[in-house]
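Presented below is the structure to which this report refers.
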Amino acid sequence: MGDDPQLTHVTLVWREGQHEDWIKFGRPVAERIVSRSERIESYMAGQMFALVRWASNDYGTVRSTLDIVQAVSLGKQCATVPQVDPGGALLLSVHGWPKVAQVFRLIDTIEASGIDPCDVAPEYWRHIHNRMAGRLTPRDYTPARHQAWLQRKALLP
């Protein structure tokens with residue numbers, strides 16, 4: 001189950017107030033508890049998930065990152081993402097709490113419109129990444145845009 005090479009495995013560590021990893025959205029197909037502070041979630045090829053990593057020390061936050069990753073099939077080209085084995089298609093990557101919080105707000109808006117972020121078009125996450133990198137405002141992901149994605153997806157092989 002947890003060691004299936006066909007799956008993408010995400011290692012999550014939780015040490016309260018020091019190192020906290022969590023999934024903002026995603027539908028794991030398997031989960032394995034390694035210890036009280038570590039677990040591994042597994043995703044099938046094509047599934048998307050948002051991995052949040054946060055760490056602090058005595059002086060405050062030292063790392064806030066959010067990566068939206070699409071799991072890939074075995075042998076397919078993928079990006080190396082920390083804590084993701086073997087890696088995945090990196091759709092969005094932001095560093096620093098202000099940018100992470102901005103993406104959280106965008107995800108909340110998508111959820112408020114009744115759309116599961118797991119079902120959003122992968123291109124939209126790339127759009128957000130590119131717009132934020134250029135310090136531009138991302139376009140909204142509307143129900144009409146989502147419907148267009150679902151129709152296009154139905155035509156894909």
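As a basis for the values below, the full set of heavy atoms in this structure was taken, side chains included, without hydrogen atoms, waters or symmetry mates. Keep in mind the model is a prediction, meaning the values are calculated, not measured.
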Can you confirm whether [X] sits close enough to [Y] that some side-chain heavy atom of one is under 4.5 Å from a side-chain heavy atom of the other?
X    : Y    : result
H127 : P138 : yes
V29  : Q47  : yes
L92  : L90  : no
R53  : Q83  : yes
I128 : R131 : no
T61  : W97  : no
E41  : R32  : no
V84  : L51  : yes

Practice task
Answer yes or no: does atom CE of M44 have more than 12 heavy-atom neighbours from other residues, nucleotides or ligands under 6.0 Å?
Solution key: no
N-O pairing of [X] and [Y] below 4.0 Å:
X    : Y    : answer
K24  : D108 : yes
D140 : R145 : no
R152 : E123 : yes
E31  : R39  : yes
D119 : K153 : no

Is there a continuous path of hydrophobic side-chain contacts, each under 4.5 Å between heavy atoms, that joins [X] to [Y]?
X    : Y    : answer
I107 : V94  : yes
V120 : V103 : yes
Y141 : L150 : yes
W54  : V81  : no
V100 : L106 : yes

What is the distance from atom [atom1] of [X] to atom [atom2] of [Y], rounded to the nearest 0.5 Å?
X    : Y    : atom1 : atom2 : value
Y43  : M48  : OH    : CE    : 12.0 Å
L12  : I40  : CG    : CD1   : 9.0 Å
K99  : H129 : NZ    : NE2   : 9.0 Å
L91  : Y124 : CG    : OH    : 13.0 Å
L7   : S73  : CG    : OG    : 11.0 Å
S113 : H146 : OG    : NE2   : 8.5 Å

Handout entry: Donor-acceptor pair between E16 and W14 side chains, under 3.5 angstrom
Key = yes
To check you understand the geometry: which heavy-atom pair defines the closest contact between [X] and [Y], and what is its length?
X    : Y    : result
I115 : P143 : CD1-CA, 4.0 Å
S56  : G17  : OG-O, 2.6 Å
G88  : V69  : CA-CG1, 3.8 Å
P86  : C78  : O-SG, 4.0 Å

Exercise for the section: Please check if the side chain of D85 supplies one atom and the backbone of H9 the other of a donor-acceptor pair under 3.5 Å. Expected result: no
Handout entry: Centroid separation W125 to F25 less than 6.0 Å
Key = yes
Handout entry: Stepwise side chain to side chain contact (heavy atoms under 4.5 Å, CB included) test for R27 and D116
Key = CA-CA 10 Å; R27 292 186 210 120; D116 186 334; 2.8 Å; yes
